[in-house]
Asker: 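Can you read through this structure? Questions will come right after.
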Amino acid sequence: MITFLLNRLTTQLLNEVWNREFTMKVLLTNDDGIHAQGLWALYKRFAENHEVAVIAPDRERSAVGHGITLNEPLRTTYVEVNGGYKGYAVTGTPADCIKLGVLEILDEKPDIVIAGINPGINVGVNINYSGTVAAAKEAALYGMTAIAVSIQGTQAISYNDTAFFIEVLSKKVFEKGLPFGTFLNVNIPDIPLKKTAGLRFSRQGVKLFAEYFEKRVDPRNRAYYWQGCDSKFLDNSPDVDSAAISNNFISITPIKCDMTDYKVLEDLQNWNIEI
């Protein structure tokens, strides 16, 4: 577990990166749709200093994971939202947005892809379901630097502070680079940056939430179900992402697209399976 005080980190990043003026080509997306507040908070921040393109689903696509559209056509509309901001609305998933952006819409690959700002944190096993995280993962599969960013709470208010931090972080990531197939999953408490406990580099938690289904009956006497879960985190190990957020740290977790278990792969060679 590595922890930095935020003021120390911010000062270091500002001194090393901010003062070296350069412009990045930035692609923004999310899973909450083209009109999402967090998406345009990032746009307003990055558009001041960088070339920004927005390609996002035409409506909310939360929890679609890494799904892509194969059985129906994808359509794009160049739309104007939020008093003049423009972007492409896609009738598909966040992963579709990345594929279509790289292969058709954009003239060249962006320097960095940022997915978010998602209201509601994406930590632990929920990383597997998140469309926001999947967009960053898709970008990493295409060899692009990528960050998925989420903020705590579904009624978040600290979007501007989060967008500021992500710009600072993205410049550092752009300078240092990430290995092919690795992206960063960032989760931020919904409080002013100066009030956070600092920055923590965390691992992904793997314990399941306490899940349940609420059974109901419709007017035709047919059963239907609403899925839910206890929002309390079950994994309180100090080095996991959920614990960092619970203690008001900004959590940064490097995620790999290669899901191979190399230890088990090595062990399998000794199984002597006969066919």
Side-chain angles (χ1 to χ4, degrees), residues 28-42 54-83 85 87-101 115-138 148-159 162 185 187-190 204-236 241-242 245-246:
L28 301 178
T29 192
N30 71 352
D31 69 359
D32 294 302
I34 192 74
H35 297 281
Q37 182 180 357
L39 175 66
W40 294 103
L42 284 174
V54 176
I55 306 175
D58 62 347
R59 57 192 182 277
E60 184 176 350
R61 294 281 190 166
S62 296
V64 299
H66 209 123
I68 57 175
T69 302
L70 296 178
N71 297 318
E72 58 186 62
L74 289 172
R75 302 185 187 277
T76 65
T77 305
Y78 194 56
V79 298
E80 181 175 307
V81 299
N82 285 13
Y85 302 133
Y88 290 91
V90 177
T91 59
T93 68
D96 286 330
C97 292
I98 300 301
K99 287 182 179 292
L100 200 61
I117 303 167
N118 186 75
I121 57 176
N122 281 306
V123 297
V125 296
N126 283 349
I127 290 175
N128 297 294
Y129 312 127
S130 167
T132 294
V133 174
K137 185 176 182 180
E138 184 69 25
V149 54
S150 304
I151 189 171
Q152 190 174 27
T154 57
Q155 302 295 324
I157 60 174
S158 299
Y159 283 115
T162 297
N185 185 43
N187 287 277
I188 299 182
D190 184 26
Q204 178 188 356
V206 294
K207 292 185 178 180
L208 291 173
F209 291 83
E211 297 178 299
Y212 61 88
F213 284 93
E214 182 178 317
K215 182 179 179 180
R216 299 182 184 179
V217 178
D218 69 16
R220 290 183 172 85
N221 203 35
R222 294 179 300 185
Y224 66 98
Y225 303 86
W226 280 104
Q227 183 175 351
C229 69
D230 187 340
S231 60
K232 182 179 180 180
F233 299 116
L234 299 179
D235 194 340
N236 292 317
D241 45 15
S242 58
I245 287 292
S246 294

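Nothing fancy with the numbering, it's 1 onward along the sequence.
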Asker: Compare all side-chain heavy atoms of Lys137 with those of Ile127 and state whether any distance is below 4.5 angstrom.
Answerer: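 No, too far: nothing below the 4.5 Å cut-off.
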Asker: Please determine, by modelled atom types, if Asn30 and Thr132 share a side-chain donor-acceptor pair under 3.5 angstrom.
Answerer: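 The answer is no; no qualifying pair exists.
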Asker: For Ser130, does its backbone N or O pair with a side-chain atom of Asn122 as donor and acceptor, under 3.5 Å?
Answerer: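 No, the answer is negative, given that no donor and acceptor are paired below the 3.5 Å cut-off.
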Asker: Testing the basics here: between Tyr88 and Ile34, what is the closest heavy-atom pair and its distance to 0.1 Å?
Answerer: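 Heavy-atom minimum between the residues: O-CD1, 3.6 Å.
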Asker: Please name the residue in the list Leu39, Leu42, Ile188 that meets the side-chain contact (heavy atoms from CB on, under 4.5 Å) test with Ile117.
Answerer: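 Option passing the side-chain contact (heavy atoms from CB on, under 4.5 Å) with Ile117: Leu42.
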Asker: How long is the straight-line distance from SG of Cys97 back to CG of Leu28, given to the nearest 0.5 Å?
Answerer: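 Reported to 0.5 Å precision, the distance equals 12.0 Å.
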Asker: Before giving the answer on side chain to side chain contact (heavy atoms under 4.5 Å, CB included), spell out for Leu100 and Thr76 the whole-Å C-alpha distance, their side-chain angles and the decisive distance to 0.1 Å.
Answerer: CA-CA 9 Å; Leu100 200 61; Thr76 65; 3.3 Å; yes
Asker: Taking all atoms of both residues into account, what is the closest heavy-atom pair of Pro94 and Arg61, and its distance?
Answerer: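 Looking at all heavy atoms of both residues, the closest pair is CD-CB, 4.0 Å.
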Asker: Of all heavy-atom pairs between Gln152 and Pro189, which one has the smallest distance, and what is that distance?
Answerer: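 Of all heavy-atom pairs spanning Gln152 and Pro189, the closest is OE1-CA, 3.7 Å.
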Asker: Between Thr77 and Asp58, is any pair of side-chain heavy atoms under 4.5 Å apart?
Answerer: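 Not touching, per the 4.5 Å side-chain cut-off.
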Asker: Parallel, tilted or perpendicular: which describes the rings of Tyr225 and Phe213, with under 30° parallel and over 60° perpendicular?
Answerer: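 Judged by the thresholds at 30° and 60°, the geometry between Tyr225 and Phe213 is perpendicular.
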Asker: Atom CD1 of Ile121 and atom CG of Asp190: how far apart are they, to the nearest 0.5 Å?
Answerer: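 Those atoms lie 11.0 Å apart.
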Asker: What verdict does the side chain to side chain contact (heavy atoms under 4.5 Å, CB included) test give for Trp40 and Val81, after you've listed the backbone C-alpha separation in whole Å, the side-chain angles of each residue and the deciding distance to 0.1 Å?
Answerer: CA-CA 9 Å; Trp40 294 103; Val81 299; 3.0 Å; yes
Asker: Is any side-chain heavy atom of Thr93 closer than 4.5 Å to one of Pro57?
Answerer: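 Result no, sub-4.5 Å side-chain heavy-atom pair not found.
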Asker: What do you reckon, is CD of Glu80 surrounded by more than 12 foreign heavy atoms closer than 6.0 Å?
Answerer: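 Yes, because the 6.0 Å sphere around CD of Glu80 holds more than 12 heavy atoms from other groups.
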Asker: Kindly indicate whether the side chain of Pro119, heavy atoms from C-beta on, has any atom under 4.5 Å from the side chain of Asp32.
Answerer: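 They are in side-chain contact.
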Asker: Which atom names give the shortest non-hydrogen contact between Gly120 and Ser150, and what distance separates them?
Answerer: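 Closest heavy-atom pair between Gly120 and Ser150: O-CB, 3.4 Å.
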Asker: Rounded to the nearest 0.5 Å, how far apart are CG of Asn118 and CG of Asn187?
Answerer: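 So the CG of Asn118 and the CG of Asn187 are separated by 8.5 Å.
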Asker: Considering non-hydrogen atoms only, spot the tightest contact between Thr91 and Arg75 and give its length.
Answerer: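 Shortest heavy-atom contact: OG1-N, 2.8 Å.
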Asker: Over all heavy atoms of both residues, which pair between Gln204 and Asn128 is shortest? Give the atoms and the distance, please.
Answerer: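 That would be NE2-ND2, 4.1 Å.
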